[in-house]
Each structure stands twice: as C-alpha cells, then as structure tokens.
Amino acid sequence: MGADPHGRFVDVYERAYEPILGYVLRRCRDPEDAADVVAETFTVAWRRIDELPEGDEARLWLYGVARRVLANHRRGELRREQRTEALREHLASLPALTHTRSPEEDFSPVGRVFRSLPDGDRELLSLVAWERLDTRQLATALGISRNAVRIRLYRARRRFARALATAGVDHPHAAMLEGSSL
C-alpha cells in the first residue's frame with residue numbers, strides 16, 4: 001500500500017490506541033491482561049500493515065483483531081485453569097501430600113534454617129541438591145556465567161552453614177557445606 005509502512009503504522013497507532021485500549025479494558029479481568037491483548041493486537045497490525053485498511057476503517061479492523069486476540073486469550077485462560085484444577089486433583093491424590101504441613105510444622109530444624117535463607121540461596125541450593133545440576137547446567141538455567149555460579153554457590157553454602165551453626169544445628173554436612181564447591 002503505502003511507501004512508508006512505519007509512518008502509516010505510527011499514524012494508525014496514535015489514532016486507534018486509546019479506543020482499542022478502552023475496548024479491551026472493558027473486557028479483561030485485569031489491566032495486565034489488557035496490556036498484553038492490546039500489544040498483541042498492534043503486533044498483528046504491524047505484521048499485516050499491507051492489509052490494514054485506510055482511514056477510520058483501520059480502527060474498525062483493529063476492533064476485529066482485538067476481538068479475536070481476546071478470544072484466544074480467554075481460551076488460553078480456560079485451558080490454564082483446567083490444567084491447574086487437574087494438577088490440584090492429582091496432587092491431592094498423592095499419599096505424600098495428604099497431610100500438608102504449615103510452615104510452623106516444618107520437617108526439621110534443618111528445614112526451618114533452609115526456609116530462612118534468602119530466596120536466591122534456596123533456589124540455587126535446591127537446584128544442586130534436588131535437581132542435581134552441575135555448574136554448567138546451573139549457568140544455563142540461571143542465565144549467568146559458570147564463574148558467577150561458583151561464586152554464588154560458595155556464598156550460599158557458607159550462609160547456610162552459618163545459619164545452621166547459629167541455630168545450633170549440629171549437622172554432619174555443615175562443615176562440608178561451608179567449604180565445598182561444584
């Protein structure tokens with residue numbers, strides 16, 4: 001159509017953004033979802049700029065796109081809710097989870113100390129202990145260098161060992177935790 005697709009898109013966006021946003025806000029549960037739907041609507045407009053009608057027809061075309069994006073969004077929410085409910089039912093049927101504990105009923109003094117660690121330390125130590133990831137795998141999973149993994153892991157282990165000692169937990173692996181690395 002036009003020689004300047006970028007300029008045309010900017011013009012359509014400036015004229016249609018507020019009406020499309022209002023349309024979507026009135027149909028979404030929360031503003032974050034509305035922002036996602038509006039962004040996807042204008043992404044479709046950019047990809048299909050040559051199909052975008054001229055004048056006020058562009059806004060009407062965008063309403064149609066927004067309506068379809070909203071429908072996709074709602075279907076996705078419904079699928080997510082159904083999968084979540086199925087997972088809840090499955091987890092409720094597992095014998096190990098029939099008696100859930102409150103944080104006050106934690107498993108052991110070590111568990112309470114572990115729970116007191118910063119989120120980053122808990123995540124890192126959990127990935128090593130439970131998921132058995134090595135430094136290369138941790139670096140990939142966390143999006144950081146292997147050297148950064150080694151440093152963070154060393155510090156997390158030291159904080160855990162100190163917290164165990166402070167809590168008076170005589171744990172056989174506390175000395176190993178403080179000085180070990182992957």
Side-chain angles (χ1 to χ4, degrees), residues 17 21 24-44 46-47 66 69-182:
Y17 175 79
L21 177 62
V24 172
L25 279 170
R26 288 185 289 278
R27 288 158 177 80
C28 280
R29 291 183 190 169
D30 60 67
E32 291 83 11
D33 287 344
D36 290 344
V37 169
V38 170
E40 180 63 25
T41 299
F42 281 99
T43 298
V44 169
W46 173 251
R47 279 188 301 222
V69 171
L70 274 165
N72 287 339
H73 177 75
R74 287 185 187 121
R75 281 190 297 273
E77 279 185 332
L78 181 61
R79 282 190 303 271
R80 205 169 19 260
E81 289 169 6
Q82 289 169 341
R83 286 191 306 261
T84 300
E85 185 56 35
L87 179 59
R88 277 193 192 108
E89 289 173 11
H90 173 70
L91 291 175
S93 71
L94 295 177
L97 300 177
T98 55
H99 176 267
T100 56
R101 298 177 178 183
S102 68
E104 297 79 34
E105 297 179 285
D106 203 341
F107 300 99
S108 67
V110 173
R112 284 191 292 279
V113 170
F114 184 76
R115 184 167 274 153
S116 74
L117 293 174
D119 290 343
D121 286 356
R122 282 196 321 267
E123 179 65 12
L124 189 59
L125 293 172
S126 297
L127 287 169
V128 170
W130 296 333
E131 310 307 327
R132 306 260 187 233
L133 299 185
D134 63 26
T135 53
R136 181 190 59 76
Q137 294 165 327
L138 285 166
T140 300
L142 300 174
I144 59 177
S145 72
R146 289 175 75 175
N147 190 48
V149 166
R150 286 186 195 98
I151 292 168
R152 289 182 187 182
L153 186 57
Y154 172 78
R155 291 176 180 165
R157 285 178 169 154
R158 286 195 56 168
R159 282 190 285 268
F160 189 32
R162 281 192 208 119
L164 286 170
T166 301
V169 176
D170 185 26
H171 194 271
H173 299 293
M176 179 191 73
L177 285 170
E178 188 154 346
S180 68
S181 65
L182 283 180

Worksheet item: Rounded to the nearest 0.5 Å, how far apart are OG1 of Thr84 and CD of Glu89?
Response: 11.0 Å
Discussion item. I need the Thr135 OG1 to Leu153 CG distance, nearest 0.5 Å.
Written reply: 9.0 Å
Worksheet item: Arg150 and Tyr154: side-chain hydrogen bond (donor to acceptor under 3.5 Å, both in side chains), yes or no, with the steps?
Response: CA-CA 6 Å; Arg150 286 186 195 98; Tyr154 172 78; over 6 Å; no
Item to complete: For Ala139 and Ser145, work out which heavy atoms get closest and say how close.
Response: CB-C, 3.9 Å
Worksheet item: Is Arg74 paired with Glu77 through a side-chain N to carboxylate O contact shorter than 4.0 Å?
Response: no
Worksheet item: Can you check whether Glu40 reaches Asn72 side chain to side chain, under 4.5 Å on heavy atoms?
Response: no
Response to the item:
Rounding to 0.5 Å, atoms CD (Glu131) and CD (Glu123) come to a distance of 8.5 Å
Item to complete: Enter the distance from Gln82:CD to Leu78:CG here, rounded to the nearest 0.5 Å.
Response: 4.0 Å
Practice prompt. With the side chain counted from C-beta on, respond yes when Ile144 and Arg152 share a heavy-atom pair under 4.5 Å apart, and no when they do not.
Written response: yes
Discussion item. For Ala66 versus Thr41, what's the shortest heavy-atom pair and its separation?
Written reply: CA-OG1, 3.4 Å
Practice prompt. For the residue pair Phe114 and Phe160, categorise the inter-ring angle as parallel (less than 30°), tilted (30 to 60°) or perpendicular (more than 60°).
Written response: perpendicular
Practice prompt. Indicate yes or no: at least one non-hydrogen side-chain atom of Leu127 is less than 4.5 angstrom from one of Leu142.
Written response: yes
Worksheet item: Taking the side chain from Arg122 and the backbone from Arg115, do they hold a donor-acceptor pair closer than 3.5 Å?
Response: yes
Worksheet, complete the sentence: Rounded to the nearest 0.5 angstrom, the CZ-OG1 distance for Arg136 and Thr140 is 6.0 Å
Worksheet item: Are Glu81 and Arg88 close enough for a salt bridge, meaning some N to O gap below 4.0 Å?
Response: no
Fill in: Asp36 side chain reached by His73 side chain, heavy atoms, under 4.5 Å
no
Worksheet item: Is there a donor-acceptor pair closer than 3.5 Å between any side-chain N or O of Gln137 and the backbone N or O of Asp134?
Response: yes
Worksheet item: If you measure from CG on Asp119 to CG on Leu124, what distance do you get to the nearest 0.5 Å?
Response: 12.5 Å
Item to complete: Verify the neighbour count for atom CZ of Arg132: are there more than 12 heavy atoms of other residues, nucleotides or ligands below 6.0 Å?
Response: no
Fill in: Heavy-atom closest contact (Leu70 atom, Cys28 atom, distance)
CD2-SG, 3.6 Å
